[in-house]
There are 2 protein chains.
Amino acid sequence: MSKEQFSGVFNVSIDLKGRVSVPAGFRDVLREKFQSESLFVTLNKDGLTAYPPKAWNAFLSKYDALPASPSKEAVWRARVSPAQECTFNAQGRIQVPQALRARAGLEKDVVIVGMDDKIEIWNQQAYDAVLAKSETLLEEDGQLLSDLGL
Amino acid sequence: MSKEQFSGVFNVSIDLKGRVSVPAGFRDVLREKFQSESLFVTLNKDGLTAYPPKAWNAFLSKYDALPASPSKEAVWRARVSPAQECTFNAQGRIQVPQALRARAGLEKDVVIVGMDDKIEIWNQQAYDAVLAKSETLLEEDGQLLSDLGL
DNA sequence: CACTTTTTGACACCAGATTGCCAAAGAATA
DNA sequence: TATTCTTTGGCAATCTGGTGTCAAAAAGTG
């Protein structure tokens, strides 16, 4: 089975000007499965998420179909309006816009996480924190993992 | 595909005289898509909104068509009458009239947000606040985002 | 271990953003 | 009306941040 989706966690670094190396494997997936050379990067609750154009447009269509509501407006404000398209340079790096970097607290060490049809970009510490929180949660719910056979 | 609409979030600064640099990309969209060199800036509930003349005139037509009512008067007072046209200077800055600045609390750090056919201008703290509020709303309505595939 | 690929840091270059300064225009004062 | 003070806009110098490129370092592969 060849790679079909984004998966795995990668520690990468962001340079002084805000460029991040996207793992080569992800670029392959992007090219082969999504026929694209760019990513739509936007905010999420604790960091950034990057979508292949196809996935982003699919989301936008669903979004447009929603009836007007305060929640819809919140989605617009928090997810849609901050989005920016980023293209790759010759070394496979994308330039993350300053405002997004600032919000996500990206400085030197960042973590890139494959999430099937999207990619998350985290500040290293923030990622460590959620990971730790997840571990804690699993310990409290000891049954779940063994039910899953893990 | 070139940029068709205003999008993205930008941190910019406003000088003592109230001049704001509008991101170069927005000026391109304004020139190419809206054939215009100015913006109509007016109040909104928590900050300022700037419209390309075309969009502003479209709104005014709809407004004129409204039957007279106290609400219509309220729109006049709160949105229409405060509006002022601002042109760009040689450096791509617009001068935001003092009265509007004061109402929106614009001092040093401002945030410019692309909203398709209009542009929002926020005081940095105020923007942080609405963004946080939107995030909260989205958490409460946990279903929505996953329905949208985000 | 040798070789290839990927990642990273460094540098130069350029466009855009910021700042301060100066002059013109306007308002206030006498 | 003459004078001063204030505001506004334009210009220029500077600074910052983004982009492209190169080469060293690191990681991966056979």
Side-chain angles (χ1 to χ4, degrees), chain A residues 2-3 6-32 37-41 48 50 82 84-114 119 121-124, chain B residues 2-3 6-32 37-39 41 50 84-102 106-114 119 121-124:
Chain A
S2 76
K3 275 174 295 187
F6 303 116
S7 75
V9 177
F10 301 85
N11 296 318
V12 297
S13 60
I14 185 170
D15 74 11
L16 296 176
K17 308 302 184 75
R19 293 180 290 192
V20 209
S21 293
V22 174
F26 283 14
R27 292 194 319 261
D28 294 342
V29 173
L30 200 55
R31 222 178 306 109
E32 287 156 27
E37 294 287 336
S38 70
L39 287 169
F40 278 88
V41 181
L48 303 180
Q84 283 190 253
E85 186 170 13
C86 301
T87 55
F88 291 91
N89 69 8
Q91 283 81 271
R93 289 187 277 200
I94 57 169
Q95 169 82 32
V96 179
Q98 194 278 332
L100 296 182
R101 250 148 60 210
R103 300 230 152 243
L106 304 187
E107 275 175 47
K108 176 88 184 66
D109 298 318
V110 312
V111 180
I112 294 194
V113 186
I119 297 168
I121 304 173
W122 293 81
N123 163 301
Q124 169 91 60
Chain B
S2 75
K3 275 174 294 190
F6 304 116
S7 78
V9 178
F10 301 85
N11 298 324
V12 298
S13 60
I14 185 168
D15 72 12
L16 295 174
K17 300 169 187 175
R19 294 179 290 192
V20 202
S21 288
V22 175
F26 283 14
R27 295 198 313 265
D28 294 342
V29 173
L30 200 54
R31 221 179 306 109
E32 286 157 26
E37 294 287 336
S38 70
L39 288 169
V41 180
Q84 283 190 251
E85 186 170 13
C86 301
T87 54
F88 291 90
N89 69 10
Q91 286 79 259
R93 292 187 283 191
I94 56 169
Q95 167 87 34
V96 179
Q98 201 281 329
L100 294 180
R101 246 148 62 209
L106 303 187
E107 275 174 47
K108 177 89 184 66
D109 297 318
V110 312
V111 179
I112 294 193
V113 186
I119 297 169
I121 304 173
W122 293 83
N123 162 300
Q124 168 92 58

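Letters A, B, ... are given to chains in the order of the sequence lines, protein chains preceding strands, and every chain is numbered from 1. Worth saying up front: this structure is predicted, and the values here are computed from it rather than measured. Just so it is clear, the values below take in all heavy atoms, side chains as well, and ignore hydrogens, waters and symmetry mates.
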message = Counting distance alone, no hydrogens or angles: does the base of C:dG16 have a donor or acceptor under 3.5 Å from a partner atom on the side chain of B:Arg93?
response =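 Per atom types, no contact qualifies.
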Would you please confirm or rule out a distance under 4.0 Å between OP1 or OP2 of [N] and any side-chain N or O of [X]?
X       : N      : answer
B:Gln95 : D:dG9  : yes
A:Gln98 : D:dG17 : no
A:Lys17 : C:dA12 : no

task = Using a heavy-atom cut-off of under 4.0 Å over every strand shown, decide if A:Ser13 touches base, sugar-phosphate, or nothing.
result =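 Contact class for A:Ser13: sugar-phosphate only.
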task = Taking the side chain as every heavy atom from C-beta outward, state whether A:Val111 and A:Val9 have any atom pair closer than 4.5 Å.
result =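 Result yes, sub-4.5 Å side-chain heavy-atom pair found.
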Can you tell me how far [atom2] of [N] sits from [atom1] of [X], to the nearest Å?
X        : N      : atom1 : atom2 : answer
A:Phe26  : C:dT6  : CZ    : C1'   : 14 Å
B:Leu16  : D:dT8  : CG    : P     : 12 Å
A:Lys108 : C:dT7  : NZ    : C1'   : 11 Å
A:Gln91  : D:dT21 : CD    : C1'   : 7 Å

message = Are there over 12 heavy-atom neighbours, none belonging to A:Glu107, within less than 6.0 Å of that residue's CD?
response =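 At most 12 heavy atoms, drawn from other residues, nucleotides or ligands, come within 6.0 Å of this atom.
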task = Using distance alone, with no hydrogens and no angle criterion, decide if B:Asn89 and B:Gln95 have a side-chain donor and acceptor under 3.5 Å apart.
result =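 B:Asn89 vs B:Gln95: no donor-acceptor pair found between side chains.
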Donor-acceptor pair, side chain of B:Gln124 and main chain of B:Lys108, under 3.5 angstrom =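 No: the side chain of B:Gln124 does not pair with the backbone of B:Lys108.
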query = Of the nucleotides C:dC11, D:dC22, C:dA17, which one has an atom closest to the side chain of A:Arg19?
reply =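 Per side-chain heavy atoms of A:Arg19, the pick is C:dC11.
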message = If you assign each of A:Arg27 and A:Asp15 to its closest nucleotide in DNA chain C, which residue comes earlier from the 5' end?
response =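 Looking at the nearest nucleotide for each, A:Arg27 comes out on the 5' side.
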